[in-house]
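Small disclaimer: the values here were computed from a predicted structure and weren't measured.
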Amino acid sequence: MYVVRRIVTMAVTLWLIATLTFFLMHLIPGDPFAADSQMLPPDVLANLRAKYHLDQPIFQQYVLYLQNLIQLDLGPSIQSKSSSVNTLIARGIGPSALLGLQSMLIALTVGVALGIISALHHNKLLDYLSMFVAIIGISVPSFILAPLLIKYIAVNLHWLPVASWGTWQHSILPSIALSLAPLAIIARFVRASMLEVLGQNYMRLAEAKGLSDWTVVIKYGLRNALLPVLTFIGPLFASLITGTFVVEKIFAIPGLGKYFVDSIFNRDYPVIMGTTMFYSFVLVVTLFLIDLSYRVIDPRIKLTSKGE
(Lines give C-alpha, C1' and ligand atoms only; values in the text may rest on other atoms or scores of the structure.)
Protein backbone atom coordinates (compact mmCIF):
# COMPACT_ATOMS: atom_id res chain seq x y z
CA MET A 1 0.00 0.00 0.00
CA TYR A 2 2.86 2.38 0.80
CA VAL A 3 4.43 1.82 -2.61
CA VAL A 4 1.10 2.36 -4.41
CA ARG A 5 0.44 5.61 -2.55
CA ARG A 6 3.93 6.86 -3.26
CA ILE A 7 3.52 6.13 -6.96
CA VAL A 8 0.22 8.05 -6.99
CA THR A 9 1.91 10.93 -5.15
CA MET A 10 4.76 10.93 -7.66
CA ALA A 11 2.28 11.05 -10.56
CA VAL A 12 0.42 13.99 -9.01
CA THR A 13 3.71 15.79 -8.32
CA LEU A 14 4.84 15.37 -11.92
CA TRP A 15 1.46 16.62 -13.18
CA LEU A 16 1.73 19.74 -11.01
CA ILE A 17 5.27 20.38 -12.24
CA ALA A 18 4.19 19.89 -15.86
CA THR A 19 1.26 22.27 -15.40
CA LEU A 20 3.34 24.94 -13.69
CA THR A 21 6.13 24.70 -16.26
CA PHE A 22 3.72 24.86 -19.19
CA PHE A 23 1.90 27.97 -18.03
CA LEU A 24 5.08 29.73 -16.92
CA MET A 25 6.52 29.20 -20.40
CA HIS A 26 3.41 30.62 -22.03
CA LEU A 27 3.23 33.60 -19.71
CA ILE A 28 6.42 34.92 -21.29
CA PRO A 29 5.46 37.63 -23.83
CA GLY A 30 5.79 36.67 -27.48
CA ASP A 31 6.65 33.24 -28.86
CA PRO A 32 9.75 31.45 -30.22
CA PHE A 33 9.25 33.05 -33.64
CA ALA A 34 8.95 36.64 -32.41
CA ALA A 35 12.56 37.39 -33.38
CA ASP A 36 11.91 36.20 -36.95
CA SER A 37 8.68 38.13 -37.41
CA GLN A 38 10.47 40.95 -39.29
CA MET A 39 12.31 38.59 -41.67
CA LEU A 40 9.70 35.98 -42.54
CA PRO A 41 6.47 36.52 -44.52
CA PRO A 42 3.29 36.45 -42.43
CA ASP A 43 2.04 33.24 -44.08
CA VAL A 44 5.30 31.44 -43.25
CA LEU A 45 5.06 32.57 -39.63
CA ALA A 46 1.46 31.41 -39.51
CA ASN A 47 2.45 27.97 -40.83
CA LEU A 48 5.27 27.68 -38.27
CA ARG A 49 2.96 28.59 -35.41
CA ALA A 50 0.38 26.11 -36.67
CA LYS A 51 2.99 23.35 -36.92
CA TYR A 52 3.83 23.72 -33.23
CA HIS A 53 0.17 24.36 -32.23
CA LEU A 54 0.99 27.88 -31.04
CA ASP A 55 -2.02 29.21 -32.90
CA GLN A 56 -4.43 27.21 -30.74
CA PRO A 57 -6.03 28.45 -27.51
CA ILE A 58 -3.82 27.97 -24.48
CA PHE A 59 -6.08 25.33 -22.92
CA GLN A 60 -6.04 23.19 -26.07
CA GLN A 61 -2.26 23.44 -26.15
CA TYR A 62 -2.17 22.34 -22.52
CA VAL A 63 -4.41 19.31 -23.12
CA LEU A 64 -2.35 18.29 -26.14
CA TYR A 65 0.84 18.69 -24.12
CA LEU A 66 -0.48 16.42 -21.35
CA GLN A 67 -1.64 13.82 -23.88
CA ASN A 68 1.80 13.70 -25.47
CA LEU A 69 3.46 13.65 -22.05
CA ILE A 70 1.45 10.61 -20.97
CA GLN A 71 2.71 8.89 -24.12
CA LEU A 72 6.29 9.93 -23.19
CA ASP A 73 6.40 12.17 -26.24
CA LEU A 74 8.05 15.48 -25.31
CA GLY A 75 7.44 16.97 -28.73
CA PRO A 76 9.67 18.39 -31.47
CA SER A 77 12.45 20.86 -30.85
CA ILE A 78 11.74 24.24 -32.42
CA GLN A 79 15.39 25.15 -33.04
CA SER A 80 16.77 21.66 -33.80
CA LYS A 81 14.16 20.97 -36.43
CA SER A 82 15.55 17.54 -37.33
CA SER A 83 15.43 16.28 -33.72
CA SER A 84 12.74 15.70 -31.16
CA VAL A 85 13.14 16.56 -27.49
CA ASN A 86 13.31 12.83 -26.73
CA THR A 87 16.23 12.52 -29.14
CA LEU A 88 18.06 15.48 -27.61
CA ILE A 89 17.64 14.06 -24.09
CA ALA A 90 18.79 10.62 -25.23
CA ARG A 91 21.79 12.26 -26.89
CA GLY A 92 22.72 14.36 -23.86
CA ILE A 93 21.98 12.02 -20.95
CA GLY A 94 25.08 9.87 -21.58
CA PRO A 95 27.72 12.56 -20.87
CA SER A 96 25.61 14.08 -18.08
CA ALA A 97 25.05 10.71 -16.41
CA LEU A 98 28.74 9.82 -16.63
CA LEU A 99 29.73 13.13 -15.04
CA GLY A 100 27.04 12.72 -12.40
CA LEU A 101 28.07 9.18 -11.47
CA GLN A 102 31.75 10.06 -11.33
CA SER A 103 31.08 13.19 -9.28
CA MET A 104 28.84 11.26 -6.90
CA LEU A 105 31.44 8.52 -6.50
CA ILE A 106 34.14 11.07 -5.68
CA ALA A 107 31.87 12.98 -3.31
CA LEU A 108 30.71 9.87 -1.45
CA THR A 109 34.12 8.21 -1.21
CA VAL A 110 36.11 11.24 -0.13
CA GLY A 111 33.28 12.90 1.79
CA VAL A 112 32.46 9.85 3.93
CA ALA A 113 36.17 9.24 4.56
CA LEU A 114 36.74 12.85 5.64
CA GLY A 115 33.66 12.75 7.85
CA ILE A 116 34.79 9.57 9.62
CA ILE A 117 38.36 10.82 10.09
CA SER A 118 37.10 14.13 11.40
CA ALA A 119 34.74 12.47 13.90
CA LEU A 120 37.36 10.00 15.14
CA HIS A 121 39.86 12.84 15.69
CA HIS A 122 37.37 15.34 17.09
CA ASN A 123 38.95 18.75 17.88
CA LYS A 124 42.35 17.55 16.71
CA LEU A 125 44.51 18.44 13.73
CA LEU A 126 42.92 15.95 11.31
CA ASP A 127 39.48 17.23 12.31
CA TYR A 128 40.49 20.81 11.54
CA LEU A 129 42.09 19.85 8.23
CA SER A 130 39.05 17.85 7.12
CA MET A 131 36.64 20.64 7.99
CA PHE A 132 38.92 23.15 6.26
CA VAL A 133 38.51 21.13 3.05
CA ALA A 134 34.75 21.07 3.65
CA ILE A 135 34.60 24.84 4.11
CA ILE A 136 36.57 25.38 0.90
CA GLY A 137 34.21 23.04 -0.95
CA ILE A 138 31.13 24.89 0.25
CA SER A 139 32.62 28.35 -0.29
CA VAL A 140 33.98 27.91 -3.83
CA PRO A 141 31.21 27.45 -6.44
CA SER A 142 31.75 24.92 -9.19
CA PHE A 143 31.64 27.60 -11.90
CA ILE A 144 34.64 29.28 -10.23
CA LEU A 145 36.51 26.06 -9.54
CA ALA A 146 36.07 24.88 -13.15
CA PRO A 147 38.10 27.72 -14.79
CA LEU A 148 40.79 27.33 -12.10
CA LEU A 149 41.13 23.63 -12.90
CA ILE A 150 41.34 24.42 -16.60
CA LYS A 151 43.96 27.13 -16.02
CA TYR A 152 46.34 25.27 -13.71
CA ILE A 153 45.85 21.58 -14.51
CA ALA A 154 44.96 21.63 -18.20
CA VAL A 155 46.70 24.75 -19.54
CA ASN A 156 49.73 25.19 -17.27
CA LEU A 157 50.55 21.56 -16.43
CA HIS A 158 49.08 19.89 -19.55
CA TRP A 159 47.94 16.93 -17.48
CA LEU A 160 44.41 16.72 -18.87
CA PRO A 161 42.43 18.06 -21.85
CA VAL A 162 41.10 21.60 -21.57
CA ALA A 163 37.52 20.93 -22.63
CA SER A 164 35.33 19.14 -25.20
CA TRP A 165 34.30 15.48 -25.03
CA GLY A 166 35.77 12.29 -26.40
CA THR A 167 37.86 10.19 -24.02
CA TRP A 168 37.59 9.42 -20.31
CA GLN A 169 40.24 12.10 -19.62
CA HIS A 170 37.75 14.77 -20.70
CA SER A 171 35.45 13.83 -17.81
CA ILE A 172 37.96 14.12 -14.96
CA LEU A 173 38.15 17.89 -14.50
CA PRO A 174 34.40 18.55 -14.75
CA SER A 175 33.75 15.64 -12.36
CA ILE A 176 36.14 17.16 -9.83
CA ALA A 177 34.54 20.58 -10.23
CA LEU A 178 31.08 19.10 -9.67
CA SER A 179 32.09 16.89 -6.75
CA LEU A 180 33.73 19.40 -4.42
CA ALA A 181 30.56 21.04 -3.04
CA PRO A 182 28.62 17.79 -2.40
CA LEU A 183 31.82 16.24 -1.02
CA ALA A 184 32.07 19.02 1.54
CA ILE A 185 28.43 18.77 2.58
CA ILE A 186 28.58 14.97 2.87
CA ALA A 187 31.72 15.24 5.00
CA ARG A 188 29.98 17.62 7.41
CA PHE A 189 26.85 15.46 7.56
CA VAL A 190 28.87 12.30 8.23
CA ARG A 191 30.99 14.05 10.87
CA ALA A 192 27.93 15.28 12.76
CA SER A 193 26.18 11.91 12.52
CA MET A 194 29.28 9.98 13.53
CA LEU A 195 29.87 12.19 16.56
CA GLU A 196 26.34 11.42 17.71
CA VAL A 197 26.64 7.70 16.99
CA LEU A 198 30.04 7.28 18.68
CA GLY A 199 28.51 8.22 22.01
CA GLN A 200 25.79 5.54 21.89
CA ASN A 201 25.81 2.56 24.27
CA TYR A 202 25.86 -0.05 21.49
CA MET A 203 29.14 1.42 20.22
CA ARG A 204 30.71 1.02 23.67
CA LEU A 205 29.35 -2.54 23.84
CA ALA A 206 30.92 -3.38 20.48
CA GLU A 207 34.25 -2.00 21.69
CA ALA A 208 33.95 -4.05 24.89
CA LYS A 209 33.63 -7.23 22.80
CA GLY A 210 37.19 -6.68 21.62
CA LEU A 211 36.38 -5.70 18.04
CA SER A 212 38.88 -3.53 16.21
CA ASP A 213 38.23 0.19 16.03
CA TRP A 214 37.58 0.19 12.29
CA THR A 215 35.23 -2.80 12.57
CA VAL A 216 33.20 -0.95 15.19
CA VAL A 217 33.16 2.25 13.14
CA ILE A 218 32.29 0.70 9.78
CA LYS A 219 29.94 -2.10 10.86
CA TYR A 220 28.05 -0.37 13.65
CA GLY A 221 28.75 3.34 13.46
CA LEU A 222 28.72 4.20 9.77
CA ARG A 223 25.56 2.24 9.02
CA ASN A 224 23.56 4.34 11.46
CA ALA A 225 25.37 7.56 10.65
CA LEU A 226 24.48 7.32 6.95
CA LEU A 227 20.72 7.52 7.50
CA PRO A 228 20.60 11.35 7.77
CA VAL A 229 23.02 11.60 4.84
CA LEU A 230 20.66 9.67 2.55
CA THR A 231 18.08 12.44 2.78
CA PHE A 232 20.57 14.86 1.27
CA ILE A 233 21.99 12.40 -1.27
CA GLY A 234 18.64 11.93 -3.05
CA PRO A 235 18.19 15.36 -4.65
CA LEU A 236 21.97 15.75 -4.97
CA PHE A 237 22.25 12.56 -7.01
CA ALA A 238 19.34 13.57 -9.23
CA SER A 239 20.93 16.97 -9.82
CA LEU A 240 24.30 15.50 -10.76
CA ILE A 241 22.95 12.70 -12.92
CA THR A 242 20.94 15.11 -15.06
CA GLY A 243 23.83 17.48 -15.53
CA THR A 244 25.01 20.68 -13.95
CA PHE A 245 24.36 23.23 -16.64
CA VAL A 246 27.06 25.83 -16.04
CA VAL A 247 29.93 23.35 -15.66
CA GLU A 248 28.89 21.50 -18.81
CA LYS A 249 28.82 24.80 -20.66
CA ILE A 250 32.30 25.77 -19.37
CA PHE A 251 33.83 22.46 -20.45
CA ALA A 252 31.88 22.37 -23.76
CA ILE A 253 30.34 19.01 -22.87
CA PRO A 254 27.39 17.94 -25.08
CA GLY A 255 25.15 17.00 -22.15
CA LEU A 256 21.70 18.00 -21.00
CA GLY A 257 23.08 21.25 -19.64
CA LYS A 258 24.12 22.42 -23.10
CA TYR A 259 20.71 21.75 -24.60
CA PHE A 260 18.91 23.36 -21.67
CA VAL A 261 21.00 26.55 -21.75
CA ASP A 262 20.71 26.82 -25.53
CA SER A 263 16.95 26.29 -25.35
CA ILE A 264 16.58 29.21 -22.93
CA PHE A 265 18.40 31.60 -25.25
CA ASN A 266 16.47 30.28 -28.27
CA ARG A 267 13.12 30.22 -26.43
CA ASP A 268 12.71 26.59 -27.42
CA TYR A 269 9.66 25.83 -25.27
CA PRO A 270 9.51 22.06 -25.87
CA VAL A 271 13.17 21.55 -24.89
CA ILE A 272 12.81 23.69 -21.76
CA MET A 273 9.69 21.85 -20.64
CA GLY A 274 11.04 18.46 -21.70
CA THR A 275 14.33 18.74 -19.82
CA THR A 276 12.50 20.13 -16.79
CA MET A 277 10.12 17.16 -16.77
CA PHE A 278 12.96 14.71 -17.26
CA TYR A 279 14.86 16.18 -14.32
CA SER A 280 11.69 16.16 -12.20
CA PHE A 281 11.07 12.50 -13.06
CA VAL A 282 14.61 11.53 -12.09
CA LEU A 283 14.29 13.51 -8.87
CA VAL A 284 11.01 11.97 -7.66
CA VAL A 285 12.12 8.44 -8.58
CA THR A 286 15.45 8.93 -6.81
CA LEU A 287 13.71 10.20 -3.67
CA PHE A 288 11.41 7.18 -3.77
CA LEU A 289 14.36 4.80 -4.04
CA ILE A 290 16.11 6.62 -1.21
CA ASP A 291 13.07 6.08 1.00
CA LEU A 292 13.13 2.38 0.19
CA SER A 293 16.85 2.23 0.97
CA TYR A 294 16.17 3.34 4.56
CA ARG A 295 14.60 -0.06 5.11
CA VAL A 296 17.63 -1.83 3.65
CA ILE A 297 20.11 0.05 5.83
CA ASP A 298 18.04 -0.19 9.00
CA PRO A 299 15.42 -3.01 9.06
CA ARG A 300 13.86 -1.42 12.15
CA ILE A 301 12.44 1.35 9.98
CA LYS A 302 8.90 0.64 8.85
CA LEU A 303 7.69 2.24 5.63
CA THR A 304 4.07 3.33 6.00
CA SER A 305 1.92 5.95 4.37
CA LYS A 306 1.62 7.76 7.72
CA GLY A 307 5.38 7.90 8.24
CA GLU A 308 5.17 5.74 11.40
Side-chain angles (χ1 to χ4, degrees), residues 74 77 79-80 82-83 85-111 114 133-187 232-268 271-283 286:
L74 299 176
S77 170
Q79 295 299 322
S80 302
S82 60
S83 301
V85 179
N86 295 59
T87 302
L88 294 178
I89 292 177
R91 191 183 301 160
I93 188 58
S96 294
L98 178 61
L99 290 183
L101 289 172
Q102 287 185 174
S103 303
M104 199 68 208
L105 181 61
I106 295 172
L108 281 174
T109 303
V110 181
L114 286 178
V133 174
I135 292 173
I136 293 297
I138 296 174
S139 304
V140 181
S142 58
F143 60 85
I144 293 179
L145 180 62
L148 294 177
L149 292 174
I150 293 175
K151 167 65 176 176
Y152 293 105
I153 295 182
V155 176
N156 291 358
L157 298 176
H158 303 286
W159 286 355
L160 292 168
V162 174
S164 189
W165 191 254
T167 63
W168 62 270
Q169 290 96 332
H170 290 92
S171 67
I172 295 178
L173 289 183
S175 296
I176 294 174
L178 289 172
S179 67
L180 189 58
L183 181 157
I185 298 174
I186 290 174
F232 166 75
I233 288 178
L236 170 65
F237 180 76
S239 175
L240 291 177
I241 204 71
T242 51
T244 301
F245 305 145
V246 177
V247 171
E248 287 188 4
K249 195 70 175 177
I250 291 174
F251 285 95
I253 295 173
L256 289 178
K258 174 183 181 300
Y259 296 122
F260 185 79
V261 173
D262 291 343
S263 68
I264 293 176
F265 286 110
N266 296 326
R267 299 186 65 171
D268 195 338
V271 176
I272 296 174
M273 294 187 293
T275 50
T276 300
M277 289 308 303
F278 179 75
Y279 170 79
S280 301
F281 175 78
V282 173
L283 177 59
T286 303

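Residues Phe251 and Val162 are not in side-chain contact: their nearest non-hydrogen atoms beyond the backbone lie 4.5 Å or more apart. Counting only heavy atoms from C-beta outward, the side chains of Val247 and Phe143 never approach each other to under 4.5 Å.
At distances below 3.5 Å, not a single donor-acceptor pair connects side-chain atoms of Asp268 with backbone N or O atoms of Ser77. Counting only distance, with no hydrogens or angles, the side chain of Ser139 and the backbone of Ile136 share no donor-acceptor pair below 3.5 Å. Between the Thr109 side chain and the Ile106 main chain, no donor and acceptor come within less than 3.5 Å of each other. When atom types are taken as modelled, the side chain of Ser142 and the backbone of Ala177 share no donor-acceptor pair closer than 3.5 angstrom.
For the side chain to side chain donor-acceptor pair (under 3.5 Å) test, residues two or more places apart in sequence or in another chain that qualify with Ser83 are Arg91. With sequence neighbours excluded, the residues forming a side chain to side chain contact (heavy atoms under 4.5 Å, CB included) with Leu157 are Trp159, listed by chain and number. In this view, Ser175 and Gln102 satisfy the side chain to side chain donor-acceptor pair (under 3.5 Å) rule, not counting sequence neighbours.
Across Thr276, Ile89, Leu88, a single residue satisfies side chain to side chain contact (heavy atoms under 4.5 Å, CB included) together with Phe260, and that is Thr276. The only option from Ile172, Thr167, Leu173 that meets the side chain to side chain contact (heavy atoms under 4.5 Å, CB included) definition with His170 turns out to be Thr167.
Taking CG of Leu149 as the reference point, atom CD1 of Ile250 lies at 10.0 Å (rounded to 0.5 Å).
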